[in-house]
Number of protein chains: 2
Amino acid sequence: MEAHKRSTGAMSEQRRARLRLEISREAARLFWDKGVAATSGDQIAAAVGLSTRTIWRHFRSKESCAEPIVMQGVVTLLGVLRRWPRRRSLEDHLTAELTGIRNGDTTPPVDLADELLAMRMIRLADTEPALRAAWLMACDQVEREMCVIVGERLGRPVDDLEIRLYGASAASAVRVLDEHIGAVVLAAGEDFTEFSDVPALARRYAEAIRTATGGAIGDPLDDLIG
Amino acid sequence: MEAHKRSTGAMSEQRRARLRLEISREAARLFWDKGVAATSGDQIAAAVGLSTRTIWRHFRSKESCAEPIVMQGVVTLLGVLRRWPRRRSLEDHLTAELTGIRNGDTTPPVDLADELLAMRMIRLADTEPALRAAWLMACDQVEREMCVIVGERLGRPVDDLEIRLYGASAASAVRVLDEHIGAVVLAAGEDFTEFSDVPALARRYAEAIRTATGGAIGDPLDDLIG
DNA sequence: GACAGTATGTCACTAAGTGACACCCACCAC
DNA sequence: GTGGTGGGTGTCACTTAGTGACATACTGTC
């Protein structure tokens, strides 16, 4: 019973995530083409071939349909951070993992088209307050995850005030970098080449996180802690 | 004509702000008493004695009605930061200004009841996603202001990437502190005494901002810059 | 092949939010 | 005084985001 529950639960969770992403893609496309206000729930539903009611079962609001597309990249980064070994510097770990991903030997093949769509949504958020709210809500989730990661690394509880400060600052640093990179890529006619230097990119993220946490997060730990 | 426009503009802007605050108070009261979902726009309008249509003229959404109440305190802090002299440490400036405010010799008498209401709204945001979104949107505005302040202090443009990183980290540090203090006060039965030590409070804010900016913001400047 | 649980469709309904228009009131010119 | 002019407000009709309730189809288990 336990095992059964767990297995079907996991299955449907994957299915659910895939479907949400699919809906998100169509919604993002529509948002970009016609604007958020001019895109109705019915149109999103039609575009993905579902009933409108089902859309609202998977998303709380129209704007939150953009969330999965926008979160893909960030989720990947969080995964990378979660695998960060204690006795390694953040710079080293990020460069290693990110080049690894580009070479395809690690998990998720975040589609280039999806990344572009994500950047467009973040760009749209500049002029569409509702989208901005959705983006910030997504980043809020990231912040919580970040607190877990930081707390674990420093061996402190997640609700510790200092941990929450670190988590929040680190998360917003990542957010700002994402916004900046997205803006630059879009301004350059959707050309990624400026950021093809993966180690440099990794260094920027690492440095930002290190600075935002006042140096508390970034260095290798000589691991006196269990 | 110019002068006239300007004066009436300023007048109506003040009036508008006062009215928004008034609406916000009633909305916050209702949100806290009955929950956000159970509070309708009509009820807010009735509570403040306006037509529902007028509510929507002053607020984009139901949840954003909470914004002015919640922002009062933060706006005050931003004002204090804007007056921060270059050759003074953040700790010194904050303690001086905040004790000054408490003593009433500086600008805004942020009502205690309003502060309490604000804390309640932030607390409610834990369980009401729509309120959380509104709160994050408000903090997003704070972040922009923070970038201006930081940029001016460091003599760099506001859209400079590093400035934006500092601004974002500082703003989220302030946000986390606000959330924490609010939570503690509410948990203590709405008792502020734990935070009556104003210098200690100021030191906490200053230290948080200093850490979040990797030490770039906080020290006095020996002002080689014009 | 019957069964249980879950995802979906359909339809009726609530309420958030907008547009259009009339009104009122304060200020200004004459 | 009368007659504008403009900004804020009320009224009402309307759109549409989002929910509840119920029926149905799908998926895997025994």
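Excluded from the calculations below are hydrogen atoms, water molecules and symmetry mates; all remaining heavy atoms, backbone and side chain alike, are included. Chain letters run A, B, ... following the sequence lines, proteins first, then strands; residues in each count from 1.
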Give the rounded distance in Å between these two atoms: [atom1] of [X] and [atom2] of [N].
X	N	atom1	atom2	value
B:L19	D:dG7	CG	P	17 Å
B:E13	D:dG8	CD	C1'	15 Å
B:F31	C:dA16	CZ	C1'	12 Å
A:F59	D:dG18	CZ	P	12 Å
B:R18	D:dG8	CZ	C1'	16 Å
A:W56	C:dG9	CH2	P	14 Å
B:K62	C:dT14	NZ	P	16 Å
A:I55	C:dA7	CD1	P	15 Å

Please evaluate residues A:T193 and A:D191 with respect to the criterion side-chain hydrogen bond (donor to acceptor under 3.5 Å, both in side chains), reporting the C-alpha separation (whole Å), side-chain torsions for both, the decisive distance (0.1 Å), and the verdict.
CA-CA 6 Å; A:T193 51; A:D191 177 8; 3.0 Å; yes
Reckon A:H58 has a side-chain N or O less than 4.0 Å from the OP1 or OP2 of C:dT8?
yes
Does a nitrogen or oxygen in the side chain of A:T54 sit under 4.0 Å from OP1 or OP2 of C:dG9?
yes
I want to verify a distance call: between [options], whose nearest atom is closest to the [X] side chain?
X	options	result
B:L50	D:dT9, C:dG17, C:dT8	D:dT9
B:S51	D:dG18, D:dG10, C:dG9	D:dG10
B:R53	D:dA17, D:dC12, C:dT10	D:dC12

Is a side-chain N or O of A:S196 found less than 3.5 angstrom from the main chain of A:F192, in a donor-acceptor match?
no
Check the pair A:R144, A:C147 against side chain to side chain contact (heavy atoms under 4.5 Å, CB included), reporting the backbone distance first and the verdict last.
CA-CA 5 Å; A:R144 284 159 216 270; A:C147 285; 5.7 Å; no
Salt bridge check, B:R120 against B:E115: does any charged N sit closer than 4.0 Å to a carboxylate O?
no
Tell whether B:R57 reaches the base of D:dG7 with its side chain through a donor-acceptor pair below 3.5 angstrom.
no
Tell me whether the side-chain N or O atoms of B:R16 pair up with the base of D:dG7 as donor and acceptor below 3.5 Å, since no angle test is needed here.
no
Assign A:T52 to base, sugar-phosphate, or nothing according to its heavy-atom contacts below 4.0 angstrom with the strands shown.
nothing
Within the 3.5 Å criterion, strictly below it, is a donor on B:E179 or B:W135 matched to an acceptor on the partner's side chain?
yes
